[in-house]
Amino acid sequence: MSGSENAVPQADHLTVFYASQTGNAESISRNIYEQAQERGFKAFHHVLNDHAKVDWDKEDCLVFVVSTTGDGDPPDNSTKFWRHLRKLKGVGLTKAKYTILGLGDTNYDNFCQTAKRLDTRLQELGATSFYPRGLADDATGLEEIVDPWIKNLWPALAHQVISTPTVHDLPQPHLTPEEEKIVKSLILKQEQDRKQSIAAATLASPKLLSTFTSTAAGQDPIENTIKDLSNLTLNPSDNPPITSAVGYKIDIDFSTMADHSNLTALPRVPNANLQIANLETVVASREPGTLPTFIQSPTPLLVATINKVQCLTPSDALKRTIAVEFGFEDDVDYAPGDAFGIWAPNNEALVRGVLSALNVSDVAATKAVRLHGQGIPSHLQTVESATLLDIFRYAVDLTSPPKKANIRLYAEHASDLADKQKLMFMASKQGADQLNAFRAQSPTFLDILHTFPSVNIPLARVIETLPPMQPRYYSITSSPMSKNGHRRWSCAFNVVTYDLSGGIHRRGVCTPWLDELAGQVPFGKVVTTGLTTQRLPVFLKLNETRFNLPSDTTKPVIMIGPGTGVAPFMGFLEHRAEQRLIKKRLVNIGSGPRQHLDDHFGDMWLFFGCRHREKDWLFREQMESYKRDGVLTELLLAVSREENVPNSAKYVQDQIRDQGKSLWNLIHKKGAMIYVCGDAKGMAKAVHDELVNILINHGGYEKMAAIMELNKWAQEKRYLRDLWA
C-alpha cells in the first residue's frame, strides 16, 4: 500500500474546552486556541458547561485544559458537563482523539484529580488520546509543565487536524531578529554605565525600539478610546480628592543577567481582543447590598448585615481572628458544614492608585463604558455598562502574582531599556529565579508599575490580561436549628495582613475589608451595637462534597480542625446540641420507658490545635461547654508553642497517633465519619499519613492497602476534607 493509503484521516477542526475556577485554565486554553488559529488550524473555544453547543458526533479532535479546586473537585463552570458525562453510556466517542492539560497543586493529595478523572472517563467512552496528558503543579510553577506541553502540542496536532499555512505560522514563543539583537545588546552592555547605555541605544536604534511596542498611538481604535477617556481631567471644586496608594518598588537581584546572552522559552504575548466603548449613558447608582450587574454569582445573592462581631485573639497573638454573625431579613436554607462566598472589592486606595498610574482621571473613572471584542475573557463578556472604577474594583484581581505572559507584555510596553531588559529576562527560562523572587514578594499590579515606571500599557490590555476577581469563601460556624438560625449565620477568619522586609505592607482582599466594616473591634466581648448598617451581598456555595453532618445521628463523628479549620465543626456542635435538646424534650414527653439520651447520638471527637492556649485557642468557652454538656465526647488539644501542657500534644496529628486504637474502634466497629478542615500543605498531609498508620498498626493493613482503603472512604463520603493551600 502507498503512504497515503496508510495515513490517518485528519479532522477539519479542533475544539478547545476549559474548566477554570480562578481563570488560569481559561487563560491557557485561550492561548492554545489563538495559537491554533495563527498556525492555520480551524479552532473553536468553549467552557465545559457549554458542552451542548457542540455536536459531539462530529468532534474528532479535542483539547481539554482543566483545573482542580478544593480537595479534588471540578471547577464550578464544569458541573453541568460532569453530570452529562455521567449519563453517557457505551462507547459513543470512538471517533474522538483528545489530549488533556491538567492544572493542580501538589499541596493537595488529589493532585489534578479533574484531569485524571476526565482522562479515565473519555477512555471509557471510547475516545483515544493522541498526545500525552500534562499535569502542571501550581506549587512549583505552572509554566514548568505548561510551556513545553504547549510547544510540543503543535507537531502532534499537525498529524490530527488539517491546517492552512498562514503568515503567523511560526514557532511560538518567538523573538524577531530585531528583538534578539536588542536583548543581546542590552545584556552585553549590562556592566556599562546605565545612563550612557540607554542614551546610546536610543540614539543608535530608535526603529528597533518600536518592535517592542504595539501599534502607534492614533492607529489603534482601543488606544484612541482610552486616550479620549484619559484626557478628561478632574475639577477639584466638584470632586474632593480620594487617597490613592502609590505602590512599592520591588528590589530584585539581576546581577546574573549578564551571564546569559540568549533568552529562551519566552511566552507568547496574548492577543489584543478587548475594546472599550465610551457610553453616553450614566451608570445608575447601585442599591445597598448589590453588586455591579456584570458579576455572575454561582448561586442567588443574599443581602446580609452584620449583627455582631468578636475578636477572638489578643493583640499579642500571631494572627488576628474575627468572628462575625450575619443577619438576613428572610429565611435562608443552609446546613452546618456549608460555606458562603463574598464578592469583596479590591482595596479602594489600590484601585485609585492603579487608575492614576494608568493616567485615568477621576472623571473618566466614573464614566460608563462597555467592554466588547471577539474572544475576550468570560468574566469581561458581561460588562455592558459599568464604570472603570467598578471594573477595577470587582472584575480584575490587582493582587495576584503576575503570569509570565503578562511580564512579557509589560516588557513590550516599556520605553526604558533597563526596564525592558529586566522584564524580558524575568519572562525567560534564564530569569526563573528572579521571577520567583519577584512573585515571592506578592507584588500588586501597582507595585509592578512602580518598579518599572516606563511601562506605558493601554488600559484595554491591562483589563484583558489581569486575572479575574474571585469570591472569597468562608465556612459557616452556626446551625439553622438554633434560635433564629434560619435568619443568621456566623463565620470566623484570620485577618490577612503582614509586613515584608523593606517596609512593604501586604493585605488580603476580603478579610481586612470585613474587619474594617465590622469596626476593627478590640479583643474580648461580643459587640452588637454601633456596627455598620452597610448591606453586604453574599451567596451560599454549592456543597458538592457533602461536607455535612450525617443524617444518621447515631454515627460517630471525628472532627480534625486546627486554627480556623475548626470553623465548620463549631456549626456541627451547635447543631448537635440543638438536636439533643429536641430529643430530650421528646423523651421526657413520651409515656414509655425513658431511654438514655446518649443512645440516640454517636460520639463526637474534636481534635483542635493552636499555638498558645491563652492567645489563640479559638472558641474555647464554647468547646469546654459542649464537653461538659456531653455534646462533645472527647476534646483533644494540641498546643505547638507551649511545653508540658497536660493531656496535650504538639500537633493534631500527634494526638491522632496517640488515640490510634480508640479511633480505629470508632471507624471499624461503629462506622465513624472523618472530617478534616484546614491547611492542605502541612496539616492535612500529616493527618492523612497518621490515618494510614492507624489502618496499618490497628487494622492489620499493608501500606498500599491502607492507602486504597482511605481513598475508598473518601469516595464513599466517609472521609471528607475541606482544605486550602
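When a residue number appears, it is its place in the shown sequence, counting from 1. Only this structure's heavy atoms are used, side chains among them; waters, hydrogens and symmetry mates stay out.
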Between [X] and [Y], is any side-chain donor less than 3.5 angstrom from a side-chain acceptor?
X	Y	result
K367	T387	no
H46	T15	no
Y410	S454	no
Q470	D397	no

For residues [X] and [Y], establish whether the separation of their ring centroids is below 6.0 Å.
X	Y	answer
H13	F41	no
F340	F326	yes
W724	Y474	no

Among T511, N494, D515, which residue meets the side chain to side chain donor-acceptor pair (under 3.5 Å) test with R320?
->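 The single option meeting the side chain to side chain donor-acceptor pair (under 3.5 Å) with R320 is D515.
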Indicate yes or no for a side-chain donor-acceptor contact from [X] to the backbone of [Y] under 3.5 Å, with no hydrogens or angles considered.
X	Y	result
T68	T114	yes
N346	F392	yes
S67	A19	yes
R408	P267	yes
T444	D447	yes
Y248	H505	yes
N543	F547	yes
Q296	H379	no
N49	K80	yes
T366	V363	yes

[Y] side chain reached by [X] side chain, heavy atoms, under 4.5 Å:
X	Y	result
L14	V63	yes
Y498	R507	no
K404	L435	yes
I342	L536	no
L540	V332	yes
L301	L291	yes
E325	S478	no
S378	Y18	yes

Of all the heavy-atom pairs spanning [X] and [Y], show the shortest one and how long it is.
X	Y	value
A344	M469	O-CE, 3.8 Å
A368	S385	CB-OG, 4.0 Å
T533	T305	O-CG2, 4.4 Å
H45	S29	NE2-OG, 2.8 Å
T69	P74	CG2-O, 3.4 Å
A492	T477	N-CG2, 4.0 Å

Please lay out, stage by stage, how E38 and N271 fare under the test side-chain contact (heavy atoms from CB on, under 4.5 Å).
-> CA-CA 10 Å; E38 291 171 0; N271 286 359; 3.2 Å; yes
Could you go step by step and tell me if F44 and V16 meet the side-chain contact (heavy atoms from CB on, under 4.5 Å) rule?
-> CA-CA 6 Å; F44 300 94; V16 182; over 6 Å; no
Looking at [atom1] of [X] and [atom2] of [Y], how far apart are the two atoms once the value is rounded to the nearest 0.5 Å?
X	Y	atom1	atom2	result
L302	D330	CG	CG	9.5 Å
I150	N31	CD1	CG	5.0 Å
L358	L449	CG	CG	6.0 Å
R439	I407	CZ	CD1	7.5 Å
L103	Q21	CG	CD	12.0 Å
L101	I145	CG	CD1	9.0 Å

Is it true that [X] and [Y] have a side-chain N and a carboxylate O under 4.0 angstrom from each other?
X	Y	answer
E34	R39	no
E412	R268	no
D338	K541	no
R30	E464	no

Test ring pair (Phe, Tyr, Trp, His ring centres under 6.0 Å) on Y473 and W343 and set out the steps.
-> CA-CA 9 Å; Y473 292 103; W343 289 99; 8.5 Å; no
Evaluate whether atom CD of Q381 has more than 12 neighbouring non-hydrogen atoms of other residues, nucleotides or ligands under 6.0 angstrom away.
->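 Yes, CD of Q381 has more than 12 neighbouring heavy atoms, counting only those of other groups under 6.0 Å.
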According to the interplanar angle, ranging from 0 to 90°, do the rings of H486 and Y334 count as parallel (below 30°), tilted (30 to 60°) or perpendicular (above 60°)?
->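 If you compare the ring of H486 with that of Y334, the planes turn out perpendicular.
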Passing candidate, side-chain contact (heavy atoms from CB on, under 4.5 Å) with D137, options L142, D105, N107 =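 Single pass found, and it is D105.
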For side-chain contact (heavy atoms from CB on, under 4.5 Å), just list the numbers for F438 and I250, CA-CA rounded to whole Å, side-chain angles, deciding distance to a tenth of an Å, and then say yes or no.
-> CA-CA 7 Å; F438 190 69; I250 308 299; 3.6 Å; yes
Just jot down the salt bridge (charged side-chain N to carboxylate O under 4.0 Å, His left out) partners of D331, sequence neighbours excluded, or say none.
->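 Partners of D331 by the salt bridge (charged side-chain N to carboxylate O under 4.0 Å, His left out) criterion, ordered by chain and then number, come out as R487.
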Apply the test side-chain contact (heavy atoms from CB on, under 4.5 Å) to residues V269 and R461: give CA-CA distance (whole Å), side-chain angles for both, the deciding distance (0.1 Å), then the verdict.
-> CA-CA 11 Å; V269 174; R461 298 296 274 142; 3.6 Å; yes
